[in-house]
Amino acid sequence: MLTKRIIPCLDVRNGRVVKGKKFKDIVDVDFPEVLGKYYSDSGADELVFYDITASSEDRKTSLEFVSKVAENISIPFCVGGGVSSLDDFTNILRKGADKVSINSSAVLNPNIIKEAAQKFGNQCVVLSMDVKKNDENSWDVYIKGGREKTDLDAIEWAKKGVELGAGEIVVNSIDEDGMKNGYDIELLSKITSAVNVPVIASGGAGKMEDFCKAAKEADCDGILAASVFHYGEIKIKELKEYMKKEGIEVRL
């Protein structure tokens, strides 16, 4: 059985890690390289960094922090935000990242998934989806940092992304972001059933049981969280020991 990955998520704005709720009310936390090293030393399996205002401000990912993070950590990490071309992939990977996450640009130009997968390998291409439940009991995909609704259905978009070559899917629930009420298990289950690549749960972690539910009930390969880690509410080592006791394979 593959081990489940615990992945701290670091939202970066103006070179600092920040955190919000439902993609709003952003507050300052720390420098990315400082937190990155802390998590690397604490037993995280991977890290994800999002330059959260790059797309809405129509600019490229700030690469300065990527090099600093690469120098300070010993685990794989993924970078996203403002990625819109193969050159962006090249630049981010050259700075030391292992994977590149695309969201808005993939919706606007799905072919970038295919081109990037062909050039860098599927394992380097992560499709990140910001999704929100609608009145019809399905989920819509949003872009520009959750600011703009598209006409894409989340499940169908996940399937299309994998067909085009995405090697991993990150599902960010806007409804649950920062709310600490648990992950959207219904949505995650639908996506893990629909695709044959690793699916990462994002948005909603509040307690250790939430991680177990995402792993067991939704069959997610990775469970991503931010504020519960940033503010020390959950320690990664203790979380992994708890998950192990619950019968979930993790790397201790």
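From a predicted model like this one, the values you see are computed outputs, not experimental measurements.
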Return the [atom1] to [atom2] distance between [X] and [Y], rounded to the nearest 0.5 Å.
X	Y	atom1	atom2	result
Met129	Ser101	CE	OG	11.5 Å
Arg5	Lys240	CZ	NZ	11.0 Å
Glu186	Ile191	CD	CD1	11.0 Å
Arg16	Leu10	CZ	CG	12.0 Å
Ile234	Phe229	CD1	CZ	6.0 Å
Asp51	Arg13	CG	CZ	10.5 Å

Do [X] and [Y] touch side chain to side chain, with heavy atoms closer than 4.5 Å?
X	Y	answer
Val141	Asp130	no
Lys244	Glu241	no
Val199	Val171	yes
Val162	Asn196	yes
Glu33	Ile73	no
Ile6	Leu239	yes
Asp11	Val17	no
Ile174	Val131	no

[X] side chain to [Y] backbone, donor-acceptor under 3.5 Å:
X	Y	answer
Ser128	Asn103	no
Ser40	Gly36	no
Asn122	Ala166	no
Ser227	Gly178	no
Asp177	Ser173	no
Asn109	Ala106	no
Thr192	Asp219	no

Checklist outcome for this item: Residues passing the ring-ring contact (aromatic ring centres under 6.0 Å, His included) test with Phe31, sequence neighbours excluded, are none

Output yes when [X] and [Y] qualify as a salt bridge under the 4.0 Å nitrogen-oxygen rule, no when they do not.
X	Y	answer
Lys159	Glu156	yes
Lys4	Glu249	no
Lys180	Glu233	yes

To check you understand the geometry: which heavy-atom pair defines the closest contact between [X] and [Y], and what is its length?
X	Y	value
Arg251	Asp45	NE-OD1, 3.0 Å
Thr90	Lys119	OG1-NZ, 4.1 Å
Pro32	Phe65	CG-CB, 3.7 Å
Met243	Ala215	CE-CB, 4.4 Å
Asp153	Ser138	OD1-CB, 3.8 Å
Pro8	Ile236	CG-CD1, 3.7 Å

Checklist entry - Name the one of Ile92, Val48, Asp98, Val100 that satisfies side-chain contact (heavy atoms from CB on, under 4.5 Å) with Cys78? => result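 Going through the options one by one, the only one that passes is Val48.
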
Checklist entry - Would you say the side-chain atoms of Asn72 and Lys68 include a donor-acceptor pair closer than 3.5 Å? => result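 Judged by distance alone, the side chains do not pair up.
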
Checklist entry - Between the side chains of His230 and Tyr39, does any donor sit under 3.5 Å from an acceptor? => result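 Indeed, the side chains of His230 and Tyr39 share at least one donor-acceptor pair under 3.5 Å.
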
Next on the checklist: Membership question, hydrophobic clusters at under 4.5 Å side-chain separation (ILVMFWY): are Leu108 and Ile112 in the same one?
Outcome noted: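 Same cluster: Ile112 reaches Leu108 through Ile, Leu, Val, Met, Phe, Trp or Tyr contacts under 4.5 Å.
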
Checklist entry - Should Ile7 and Val34 be counted in the same cluster of Ile, Leu, Val, Met, Phe, Trp and Tyr side chains packed under 4.5 Å apart? => result no

Item to check | Intermediate values then yes/no, side chain to side chain contact (heavy atoms under 4.5 Å, CB included), Cys9 and Phe49 | outcome: CA-CA 6 Å; Cys9 176; Phe49 293 85; over 6 Å; no

Checklist entry - What do the steps show when you test Tyr50 against Val170 for side chain to side chain contact (heavy atoms under 4.5 Å, CB included), and what is the final call? => result CA-CA 12 Å; Tyr50 289 129; Val170 177; 3.6 Å; yes

Checklist entry - Quick one: ring-ring contact (aromatic ring centres under 6.0 Å, His included) pairs with a partner in residues 106-159, sequence neighbours left out? => result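 Found Phe89-Phe120.
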
Show me the side-chain donor-acceptor pairs of residues 200-213 shorter than 3.5 Å, one per line, residues at least two apart or across chains.
unit_1, atom_1, unit_2, atom_2, d
Ser202, OG, Asn172, OD1, 2.8
Lys207, NZ, Asp210, OD1, 3.4
Asp210, OD2, Gly206, N, 2.9
Asp210, OD2, Lys207, N, 3.0

Item to check | Chi angles and distances behind the side chain to side chain contact (heavy atoms under 4.5 Å, CB included) call for Val125, Ile113 | outcome: CA-CA 7 Å; Val125 184; Ile113 302 174; 4.2 Å; yes

Item to check | Residues, nucleotides or ligands: over 12 heavy atoms within 6.0 Å of Lys235 NZ | outcome: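 Count not over threshold, so no.
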
Next on the checklist: Is it true that, when you exclude Lys190 itself, more than 12 heavy atoms of the residues, nucleotides or ligands shown sit nearer than 6.0 Å to its NZ?
Outcome noted: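 No, NZ of Lys190 has 12 or fewer neighbouring heavy atoms, counting only those of other groups under 6.0 Å.
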
Next on the checklist: For a side chain to side chain contact (heavy atoms under 4.5 Å, CB included) check, start with the C-alpha distance between Glu168 and Lys99, then their side-chain angles and the critical distance, and finish with the verdict.
Outcome noted: CA-CA 10 Å; Glu168 195 164 273; Lys99 302 174 184 179; 3.3 Å; yes

